[in-house]
Every structure is written in C-alpha cells, then in structure tokens.
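The structure under discussion appears below in the form of structure tokens.
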Amino acid sequence: MEPRVWRDMGLTDEEFNLITEYLKREPNFLEVGIFSVMWSEHCSYKTSKPLLKGFPTTGPQVLQGPGENAGVVDIGDGLAAAFKIESHNHPSAVEPYQGAATGVGGILRDIFTMGARPIAVLDSLRFGPLEDGATRFLVQGVVAGISGYGSGVGVPTVGGEVYFHPSYQGNPLVNAMAVGLLRHEELVKAAADVPGGTVMIAGSKTGRDGIHGATFASVELTEESEEKVTAVQAGDPFMEKLLMEACLEVMEKGLLLGIQDMGAAGLTSSAAEMASRGGTGIELNLDLVPCREEGMTPYEMMLSESQERMLMVPKPGRDDEVKEVFRRWGVEATEIGKVTADGQFRLLHQGEVVAEIPVRTLTDLSPVRSLQGVEPERYGALKAVDLSDLALHEPPEAVLLRLLASPNIASKEWIYNQYDHRGIPGGDSAVVPIPGTTKALALTTDCNSRYVYLDPYVGSALAVVEAAQNIVCSGGKPLAVTNCLNFGSPEKQEVFWELEQACAGIAAACRALDTPVTGGNVSLYNESGEKPIYPTPIIGMVGIVENASKALSNQFRPGEDIILIGEVEGSLAGSEYLALVEGQEGGALPELDLESIRSRLDFLYREIQGGSITSAHDVVEGGLAVALAEMSGAVGAVITLKTEYPLLALFGERLGRFVATLAPGQGRAFLERAREAGVPAQMIGRTGGLELRILAADVSLKVSICQCQAARKGTLPSQLDPWEVRACL
C-alpha cells in the first residue's frame with residue numbers, strides 16, 4: 001500500500017506501523033479507513049485525553065460521568081437530567097444551515113440514547129466581525145439551521161450566547177448543548193455485553209453524506225477542505241422525531257441491552273464503542289445495511305455519517321417486539337449482525353470477511369500523543385500592558401450607549417426570536433420547568449474567550465465561575481458541567497500550552513464550586529489561514545431551582561433598594577471597554593480567588609432561598625454601568641458609587657460581583673448578614689423613574705431607559721428615530 005493512502009486519511013507513518021503491529025499484517029484499504037476515523041482527534045481524543053483526566057468527574061449528584069453518550073445528574077424525587085455539549089464547527093463553516101442543524105440533531109440523539117426525553121437546547125456561537133458579509137451569511141445559515149431542526153423535532157432552544165471577534169473569521173464555532181429528563185431507573189447505557197445478541201440498525205438509510213466527517217473535523221480548514229461537501233451531513237428533523245419516539249418507547253419497555261447513536265464515524269464508531277464497553281466483539285453483515293444509494297461499498301457504508309441512525313442490541317428474544325415498535329412509528333429497524341465473544345470487529349460483505357480488527361485496538365489501544373506546550377511570547381507582553389493611565393475621554397453616557405449597542409453586549413433578541421424558546425423568561429440563565437414537579441432546571445453556556453486569550457488558566461476558570469453566577473442569579477444551585485474545548489492546532493506548542501492551562505483552570509474552578517465535569521467534547525484544529533481562533537472553552541452548566549415560581553428575574557421594579565455584592569471597581573484588562581473604546585486587548589486579569597467567589601455565590605444563593613432578594617444580575621462584560629443598564633428594562637435607578645476611580649467603577653470588569661435588589665427596609669439586616677458571612681456588600685441606590693443616574697466620584701452619568709433599550713437593540717442615539725424615542729417615553 002502506498003504511503004499516500006494512509007496519509008491522505010490523516011494517519012501518520014508511525015500510526016500505520018502500529019496498526020500493522022496490532023494486526024500482525026498489513027491492513028487493507030477498508031481497515032485503514034476504519035482506523036483513520038477511530039484514531040482521529042475527533043473520536044480518540046489522542047491529544048487531549050491526558051489533560052481531561054485532571055477534571056473532577058464524581059460527586060453525590062453524578063449518576064453518570066464521562067464515558068457514555070451524555071452525563072446524568074440527580075435532581076431529586078427520583079428524577080435525573082442528562083446533558084452534554086458538542087461542536088459542529090467545520091461543517092458549519094462549509095455549509096452553515098446543515099452544519100448547525102445536524103449539530104443539534106446529533107446532540108439530541110446523545111440525550112435520548114440515555115433514555116432521557118430532550119426538553120431543551122442551548123447554543124454557543126462565535127463568528128467574525130458582524131459587519132463582514134461572509135459573517136452575516138454564516139450567522140443567518142447557522143441560526144436558521146438551529147431553529148429549523150429544533151422546531152422540527154419539537155425541542156425548544158431556550159438559551160445560549162453569541163460573540164463576534166476577528167479571530168473567528170473563516171472558522172466559526174457552533175456548539176450545541178441539549179438537556180433531557182428521565183427517572184433513575186430509565187437510564188440506558190451503550191454497551192453490547194451479551195454475546196449472541198442481535199445487532200440492529202434503525203432510522204434513516206445509509207447514504208454517502210458525511211463520509212470522513214470525523215477526520216474532516218480533525219484538521220485545519222483550508223480551501224481544499226472546504227470543498228469536501230461530502231463531509232457535511234444532511235439532516236431530517238422529522239425522521240429524528242419519529243426515531244426519538246420509537247427509541248424512547250423501546251427503552252421504556254425495557255427491550256434493549258444497549259443503544260448507541262451513530263455520530264462521528266457513523267457505523268464504525270457506534271459498533272466498535274458498543275463492543276468495547278461490553279468487553280465483547282461484533283460481527284456485521286454489510287449486505288443487510290439499508291442503503292439509499294446503489295452500489296455503496298463497504299468503505300462508504302462504514303464511514304458514512306448519514307444522520308438520524310441508531311445501533312441497538314435488543315434483549316434476548318425481544319427482537320420482534322423492537323421491530324414492531326419501530327414499525328408503528330414508521331421507522332425501519334433491520335438486523336445487520338450479532339454480538340460475539342471473540343473481541344473482534346468483523347465485517348462481512350458478499351460472503352467474504354472484508355475487515356477483521358481486534359476491538360480494543362480501535363478504542364482502548366488508540367495512540368496517545370505526548371505533546372509539549374510552550375508559553376506564547378504574547379502572554380507576558382500582554383500581561384505587562386500598563387492600563388493605569390487610561391481615563392474617560394468622552395462623555396460616560398456615550399460610552400455606556402456604545403457598549404450597550406456593541407454586538408457582544410447588545411440584546412440577542414434578533415436571534416432568539418427565530419427560535420422556539422419556551423421557558424421562564426427574564427433571568428440570567430434559562431429556567432425550564434420540570435413537568436409534574438414544582439422544580440425547574442437552570443441552564444447556561446458561557447465563556448469570555450478574550451479572558452482566555454490573555455490568561456488561559458484564569459480565563460477558563462472564570463468561564464466556570466460565570467456559568468455558576470448565571471445559575472445562582474436565576475435562583476438555581478449549580479450541579480455539574482459539560483464543556484466543549486475549542487482550540488487551534490495542538491501541534492503548535494503555544495496552542496497546546498493554552499489547552500493545558502485551560503484544562504487546569506476548569507478543573508480548579510469545578511473543584512472549588514463542587515460542579516464536576518460529566519462529559520463534553522474537544523474540538524481542535526480550529527484555524528483558517530494558519531491562524532488559530534482565540535482559545536474558547538465553552539462551559540455548559542446545569543442547576544436546580546427548587547421552586548420554579550420563585551425563579552428570579554434580572555429586571556428592576558419600582559421602589560426597591562439596590563445592593564452591590566463585591567468590589568466597586570473592576571479591571572480594564574480584557575474588558576469590552578478596552579477593546580471597543582481604546583482599541584486594545586491586554587492587561588493582567590484580576591487575581592483569581594475561587595474561595596472568595598464560592599463564599600459570595602453561597603451567600604447569594606442562601607439569600608435568594610430565604611426570599612430577601614427580588615432580582616439579581618451578575619456584573620460581567622461592560623462592567624457595572626452596563627449591568628445596571630441591563631436591569632433598567634422598564635424602571636430606572638439612582639446610583640451612588642464610592643470610588644476614586646470612576647472609569648474602573650463604571651466600566652471595569654471583575655467576576656464575583658452582583659447587583660441585587662431588596663424590598664424597602666431590608667437593607668440593614670441584609671448587610672449585617674453579609675458582614676457575618678465575610679462577603680463585601682453595600683447599598684448603592686434605589687430603583688425608580690425613567691432614567692438611570694450614576695454618580696461615581698466627580699463623574700455623573702445620566703441616560704433614559706429608552707436610550708438604554710434602543711442601544712441594546714444595537715441602535716446608537718445618532719441612529720434613533722425621534723418617533724421611537726417619543727414612543728418609549
């Protein structure tokens with residue numbers, strides 16, 4: 001076999017030699033293809049696996065940690081939540097609608113494969129500058145794909161985040177998180193552990209779409225790779241809905257030993273992983289695989305990533321019952337093989353054995369790369385940037401409105417209005433009621449990639465912190481984390497260093513906040529033009545709201561006292577102000593104090609549960625002035641800040657800060673409880689009126705709530721129609 005064959009499939013010469021050693025012979029073309037997808041970065045995590053072992057993954061709330069299709073946490077009353085986040089970055093760059101749509105489809109299958117009914121989708125999106133025409137094309141396609149697929153299946157998209165930055169030009173990030181509900185006893189795992197069991201394929205027929213999608217996701221985007229449209233799958237949400245209902249029914253009836261979604265690497269990965277988890281082998285007769293195109297080869301059948309397909313192993317003697325359920329739902333379920341006891345991954349085609357590989361060589365024995373990270377030269381230089389001489393050089397009102405209108409802070413209503421977004425509106429996280437209970441789930445996705453670029457350790461820890469802040473501000477208790485680690489090529493030592501630091505930061509924050517990692521996804525090689533994206537470790541977090549009727553909003557109501565928990569001043573390092581107004585990205589992020597942040601979160605949660613707090617909002621991008629403006633939806637406020645540094649008080653950023661409102665007369669007792677808990681807090685103002693007024697030392701800021709609303713829609717005062725102003729007033 002010519003070296004170009006395995007090299008074109010993404011295998012190195014060393015890896016090919018290892019395959020030959022495992023098989024004790026030279027592999028054939030099909031076997032090389034199978035190894036290439038199973039040993040790809042996307043499937044094997046060969047680069048990141050050693051780093052992921054540092055995550056905390058256990059806790060009393062964890063029913064299923066990493067290693068299955070999704071993580072599962074206990075939410076009380078015999079119920080559990082299954083959740084996971086994954087990426088579909090490269091497919092979305094090539095074909096934004098189908099790339100995003102099939103990303104949603106794949107993550108939904110991960111959830112209902114666990115026996116859980118999906119109830120919510122969240123997204124986390126990154127694009128280049130919004131004023132760029134190519135970016136707008138990608139945004140429109142991605143948003144339409146997410147909306148179309150979620151609506152077609154009947155699962156609402158309840159929350160998420162969208163950021164714009166030049167580093168994502170040409171390589172957008174499309175991360176989708178799904179959440180489902182199940183009872184503890186309904187949990188199903190993906191293991192084929194009974195030799196002799198029948199292997200069935202159910203769902204759509206196999207086509208030629210998505211071939212080598214896993215290896216496509218494991219290389220940098222180039223003009224050549226963008227032409228590989230066959231690596232982008234096509235989705236059918238209506239088939240997904242039927243498949244979901246049929247799968248949930250057979251699982252509810254207890255008819256299955258195991259079930260596995262056909263995601264990355266399709267039939268190859270699903271069959272190999274089921275056998276590997278069960279400690280068995282598997283034999284498939286490819287003549288029996290339902291195909292929608294004539295003349296498909298074994299190579300095409302095994303590497304296809306056609307959507308809406310499942311691999312199942314029924315319990316002994318229950319094959320016909322399984323087929324009957326799928327028949328009633330109008331879904332094809334076909335026997336294609338059996339579970340064996342010999343530990344071999346064996347494929348038959350036209351009466352011949354066309355591939356025979358020890359299962360463990362595809363999974364447990366896949367190679368692990370040991371890379372060495374090197375701190376980038378920029379790291380020290382950016383931290384050393386002196387920001388102490390910066391001062392306000394334009395009216396603070398103009399700065400605030402510019403920040404509110406900037407794409408990263410402005411309302412994303414223009415996106416989420418395209419979604420079916422059922423839930424309890426108005427809080428910092430999505431709050432989704434749990435049917436049949438008084439509880440709700442609080443859900444969020446978060447990451448400030450600029451922070452991570454400046455300091456991967458601190459920035460990644462802060463992504464966990466921000467997620468926890470959003471959960472608590474909505475009245476929830478953080479439970480657990482799923483993450484999607486989006487980075488450039490790990491073969492670049494500076495990028496691998498970022499990945500190392502990010503994993504360490506996430507691990508530290510998750511330990512400090514008691515939010516174990518239950519699973520996730522690693523997406524590497526996110527580059528275009530040999531330039532990596534900003535490191536973007538997206539954190540998806542699930543929390544529990546014990547009483548859904550008391551979920552908090554983040555909007556002011558008239559006549560309430562306003563409390564600031566945390567420091568008055570933030571930092572300009574990595575801030576939206578520094579980027580937007582000064583045109584810089586730099587500075588040393590504030591020192592990370594996870595113990596202090598944990599104590600503030602615990603205190604805030606206790607106070608919310610005790611009923612003293614009527615609304616809450618964390619202070620993040622844009623600083624305190626932006627947080628106050630965001631809370632001034634229909635009611636203004638008068639604020640006084642005691643500070644020597646008005647710029648830092650108004651627009652500085654620092655996590656671990658919260659704005660909360662209290663009913664009149666509650667302030668003194670609240671501040672005393674904060675003092676006893678060792679939590680810094682002060683009363684800074686009162687709600688009321690139609691203006692936001694902030695006095696910070698000698699700087700006075702005054703804007704109408706109408707101006708704030710208009711700016712948050714992305715409209716600056718100079719662009720505002722006078723009639724719109726009159727309508728607001």
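Along the sequence shown, the residues carry numbers beginning at 1. For clarity, every value in this text was computed on a predicted model and none was experimentally measured.
Here the options are Val638, Ile563, Ile639, the test is side chain to side chain contact (heavy atoms under 4.5 Å, CB included), and the partner is Ile684; only Ile639 passes. The residue from Thr687, Thr661, Asn554 that alone fulfils the side-chain hydrogen bond (donor to acceptor under 3.5 Å, both in side chains) condition with Ser615 is Thr661.
When every heavy atom of Ala442 is checked against every heavy atom of Val545, the shortest pair comes out as CB-CG2, 4.0 Å. Contact between Gln707 and Leu401 at its shortest, heavy atoms only, is O-CD2, 3.6 Å. Nearest heavy-atom pair across Leu650 and Pro396 is CD1-CB, 4.4 Å. The nearest pair of heavy atoms linking Ala663 to Thr614 is N-CG2, 4.3 Å. The nearest pair of heavy atoms linking Phe487 to Ile533 is N-CD1, 4.1 Å. Between Val481 and Cys510 the shortest heavy-atom distance is CG2-SG, 4.1 Å.
Defined by atom type and a distance below 3.5 Å, a donor-acceptor pair is present between the side-chain atoms of Ser523 and Asn89. For Thr444 and Ser429, the side-chain atoms include no donor-acceptor pair closer than 3.5 Å. At a cut-off of 3.5 Å, with distance as the only test, no side-chain donor of Asn448 or Tyr163 sits close to an acceptor on the other residue. Asn175 and Asn486 share a side-chain donor-acceptor pair at under 3.5 Å. A side-chain N or O of Glu161 and one of Ser124 form a donor-acceptor pair less than 3.5 Å apart. If you check the side chains of Glu621 and Asn408, you find no donor sitting under 3.5 Å from an acceptor.
Side-chain contact between Val399 and Phe651 is present, with at least one heavy-atom pair separated by less than 4.5 Å. A heavy-atom distance below 4.5 Å is not found between the side chains of Glu585 and Leu578. Side-chain contact check for Tyr419 versus Pro156: every heavy-atom pair is 4.5 Å or farther apart. In this structure the side chain of Thr515 never reaches within 4.5 angstrom of the side chain of Leu479, judged on heavy atoms. When side chains are defined from C-beta on, Ser406 counts as touching Ile409, because their heavy atoms get closer than 4.5 Å. Residues Glu500 and Leu51 are in side-chain contact: their nearest non-hydrogen atoms beyond the backbone lie under 4.5 Å apart. Under the 4.5 Å side-chain criterion, counting only non-hydrogen atoms from C-beta, Pro532 is not in contact with Glu494. Side-chain contact between Ile539 and Thr482 is absent, with no heavy-atom pair separated by less than 4.5 Å.
Between the side chain of Asp561 and the main chain of Pro664, no donor-acceptor pair closer than 3.5 Å is present. Of the possible donor and acceptor atoms, none in the side chain of Arg712 sits under 3.5 Å from a partner among the backbone N and O of Ala410. Put simply, the side chain of Ser474 gets close to the backbone of Asp428: a donor and an acceptor are under 3.5 Å apart. The main-chain N or O of Leu403 is never found under 3.5 Å from a side-chain atom of Glu576 such that the two would form a donor-acceptor pair. For the pair Glu653 (side chain) and Gly622 (backbone), a donor-acceptor distance under 3.5 Å is present. The backbone N or O of Ile75 sits less than 3.5 Å from a side-chain atom of Lys439, completing a donor-acceptor pair. Under a 3.5 Å cut-off, the side chain of Thr135 and the backbone N or O of Pro129 do form a donor-acceptor pair. Put simply, the side chain of Arg686 gets close to the backbone of Gly559: a donor and an acceptor are under 3.5 Å apart. For the pair Ser553 (side chain) and Gln555 (backbone), a donor-acceptor distance under 3.5 Å is present. A donor-acceptor pair under 3.5 Å is formed between the side chain of Ser599 and the backbone N or O of Ser596.
Atom CD of Glu644 has 12 or fewer heavy atoms from other residues, nucleotides or ligands within 6.0 Å. A 6.0 Å sphere centred on NZ of Lys702 holds no more than 12 heavy atoms belonging to other residues, nucleotides or ligands. Other residues, nucleotides and ligands place more than 12 heavy atoms under 6.0 Å from the CD atom of Glu394. Within a 6.0 Å radius of OH in Tyr645, other residues, nucleotides and ligands contribute 12 heavy atoms or fewer.
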Show me the side-chain donor-acceptor pairs of residues 689-697 shorter than 3.5 Å, one per line, residues at least two apart or across chains.
| unit_1 | atom_1 | unit_2 | atom_2 | d |
| --- | --- | --- | --- | --- |
| Glu691 | OE1 | Arg693 | NE | 2.9 |
| Glu691 | OE1 | Arg693 | NH2 | 2.9 |

Validation: residues 464-472 side-chain donor-acceptor distances under 3.5 Å, sequence neighbours left out:
| unit_1 | atom_1 | unit_2 | atom_2 | d |
| --- | --- | --- | --- | --- |
| Gln469 | OE1 | Gly656 | N | 2.6 |
| Gln469 | NE2 | Asp618 | OD2 | 3.1 |
| Asn470 | ND2 | Asp446 | OD1 | 2.9 |
| Asn470 | ND2 | Asp446 | OD2 | 3.2 |
| Asn470 | ND2 | Glu466 | O | 3.4 |

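Going from atom CD1 of Ile613 over to atom CD of Gln666 covers 11.0 Å, rounded to the nearest 0.5 Å.
For Phe670, the ring pair (Phe, Tyr, Trp, His ring centres under 6.0 Å) criterion is met by Phe603, not counting sequence neighbours. For Glu567, the salt bridge (charged side-chain N to carboxylate O under 4.0 Å, His left out) partners are Arg600, Arg654, not counting sequence neighbours. Residues satisfying the side-chain contact (heavy atoms from CB on, under 4.5 Å) test with Ala573, not counting sequence neighbours, are Leu387, Ser571, Leu589. Considering only residues two or more places apart in sequence or on other chains, Glu375 meets the salt bridge (charged side-chain N to carboxylate O under 4.0 Å, His left out) condition with none of them.
With ring centers used as reference points, His165 lies under 6.0 Å from Tyr534.
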Exercise. Check the pair Tyr168, Phe127 against ring-ring contact (aromatic ring centres under 6.0 Å, His included), reporting the backbone distance first and the verdict last.
Key: CA-CA 5 Å; Tyr168 304 106; Phe127 300 100; 8.8 Å; no
